[in-house]
Number of protein chains: 2
Amino acid sequence: MIVRQAANVLEIMEFFAQARKPATLAEIADHFGWPRSSTFNLLATLSEKGYLYEPRPRAGFYPTPRWLAMARMISEVEPLPPWTHTLIADLSAETGETASIVAPAGVMAVFIDVVESQAAIRYFATIGHRVPIHATASGRALLLQYSPEERDSVYRKIEFKQYGPSTPISIEAVEAELRHSIARGYCQSFADYSRDLAGAAIPLPIGDRRLSVVVAGPEFRIGSKVADVAALIARTLDRLRPKTAA
Amino acid sequence: MIVRQAANVLEIMEFFAQARKPATLAEIADHFGWPRSSTFNLLATLSEKGYLYEPRPRAGFYPTPRWLAMARMISEVEPLPPWTHTLIADLSAETGETASIVAPAGVMAVFIDVVESQAAIRYFATIGHRVPIHATASGRALLLQYSPEERDSVYRKIEFKQYGPSTPISIEAVEAELRHSIARGYCQSFADYSRDLAGAAIPLPIGDRRLSVVVAGPEFRIGSKVADVAALIARTLDRLRPKTAA
DNA sequence: AGAAAATGTACATATATGTGAATTTATTTG
DNA sequence: CAAATAAATTCACATATATGTACATTTTCT
């Protein structure tokens, strides 16, 4: 069950991240199609908790820096080592495609750092973006780091759907693809989940964290080059990753 | 009316900002005294929206960097000029008390930047902290920047409560205090709102934003020195504020 | 200035939602 | 390795909550 008002808080936050200016109750209500009275309650709650204020009279609400203060405290803990961002920045620069660091979240994989391609046609992904762990290159690069028992436990919760022609729709299909990935030395996906999207990924264990790096872009641009891209990821990783311990 | 599940999202975020480590469903449920099933729904919602993930298997949930990404986008807009933080940092260092930048939010005043005192006994305030605009030095320094009509509009919404012996409990009492403040050149409060707390504040208009600076601490330490503190604020402000335009 | 339109606020009620109990899954212990 | 314990999920129902309606306030237009 989705908790509507919890989701609404996030929607409001994203609204402000986009709008980048204060908004009145009426504007927010209209934007989301919410009743005024409900919007009123929600804004009052956020204000009362110190997350919204009124920068200038009658110009409406805007988030306080408390969001930032909280987010900083949260993200200071075990931040990704700086070289991981360099890694995806370099990869994106060299390939012209979108590069990301990905982490597990149950049956999904979450993007926890992203450097977007500059191309007009590109893989549009943001931090927090989620994709099925079994039907994506990045996700399978995570699964490779699991024990067979752990994988089983994940498999049991997956709802196998035919996202595209090549989506693995059974446990055995996923396991087979994992074996192929080991053989070829990297994970790949050709529109297994997102239409027209191809990508190459490799596992990225950091300490006891199981992450992966992925480079992805439109199939027509990257499709024939996945092997090269994978090799590039491996080389770049080798260059940037500190040699001493993980 | 307070929207419970909206508040809960903020509580969870604050929980993680404090805990600074992943937490399982059970831990979170126990911490807040929420039923597991409700906690499950809430965590699922936050995960689905890309705001929580599972950094390592079975170690529970932790917020994704998406919070930070969003907060950054939000706070990049019209950030406070850097000298304002220097201002309160210097004031806190010199006085040994807590110094803050404050902004209006209806009948309340919100702390939008804070440098805390290092003293064991101190005014404990965080970014997002809210106090009544009419019953605090910082709030009245905001009201001084309003037109009489705007003040009236605020007054009509205030619920006058006797927070302490010296709380102004009528419009006229507030207006009188504002006149005194103008005469003496700064705003002050002696436990008007918070017990044992005294402070000095002065208006801080920046562009078309109406802010204020306040230094506050325990009455016994700062009480006899408010005039000196106010003078210090004025001097420091004069030193740091760029001369060209506001 | 006065009227009209837009915005913000309060409240009762129908309904979406949170929750206790039951079920399934995972982990620890004997 | 099986039994026991703990954790995570599901689900039906009672209740807390979102909203339609009405009212108040502020702003805009004539």
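As the structure is a prediction and not an experimental result, all values here were calculated from the model. Letters A, B, ... are given to chains in the order of the sequence lines, protein chains preceding strands, and every chain is numbered from 1.
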Is a donor-acceptor contact shorter than 3.5 angstrom present between the side chain of B/S37 and the base of C/dG20? yes
Please tell me which of the listed nucleotides, D/dT19, C/dT25, D/dA7, lies nearest to the side chain of A/R156? C/dT25
Using whole Å, what does the distance between atom P of nucleotide C/dT7 and atom CG of A/L43 come to? 14 Å
For A/R210, is there an ion pair with B/E54 - N to carboxylate O distance below 4.0 angstrom? no
Taking the side chain as every heavy atom from C-beta outward, state whether A/S189 and A/L197 have any atom pair closer than 4.5 Å. no
Here the distance between atom C1' of D/dA8 and atom CG of B/D30, to the nearest Å, is 13 Å
Under 3.5 Å, is there a donor-acceptor pair linking the side chains of B/T126 and A/R66? yes
Minimum-distance nucleotide (side-chain atoms of B/S38 versus D/dT10, D/dA18, C/dT19): C/dT19
Is there a donor on the side chain of A/T24 or the base of C/dG8 sitting less than 3.5 Å from an acceptor on the other? no
Can you tell me which nucleotide in D/dA18, D/dA7, C/dG18 comes closest to the side chain of B/A26? D/dA7
Does a side-chain heavy-atom distance below 4.5 Å link A/V114 with A/I88? no
To the nearest Å, how far apart are A/L42 CG and C/dT9 C1'? 16 Å
Considering heavy-atom distances to DNA chain D, does B/S153 or B/I2 have its closest nucleotide positioned more toward the 5' end? B/I2
Would you mind reading off the distance between A/E150 atom CD and C/dT25 atom C1', rounded to a whole angstrom? 15 Å
Measure from CG on A/N8 to P on C/dA16 and round the result to the nearest Å. 15 Å
Does B/Q5 make a side-chain N or O approach to OP1 or OP2 of C/dG18 shorter than 4.0 Å? yes
Does the side chain to side chain donor-acceptor pair (under 3.5 Å) test come out yes or no for B/E11 and B/N8, once each step is laid out? CA-CA 5 Å; B/E11 300 265 322; B/N8 288 352; over 6 Å; no
Measure CG/B/L25 against P/D/dA7 and give the value in whole Å, please. 10 Å
Under 4.0 Å, counting only non-hydrogen atoms across every strand here, what does A/R36 touch: a base, just sugar-phosphate, or nothing? base
Of the options C/dA10, D/dT25, C/dT19, whose atoms approach the side-chain atoms of B/R4 most closely? C/dT19
Rounded to the Å, how far apart are A/E27 CD and C/dA6 C1'? 12 Å
Residue closer to the 5' end of DNA chain C, B/W34 versus A/N41 (nearest nucleotide): A/N41
Length of the line joining A/K157:NZ and C/dT23:P, which is rounded to integer Å: 20 Å
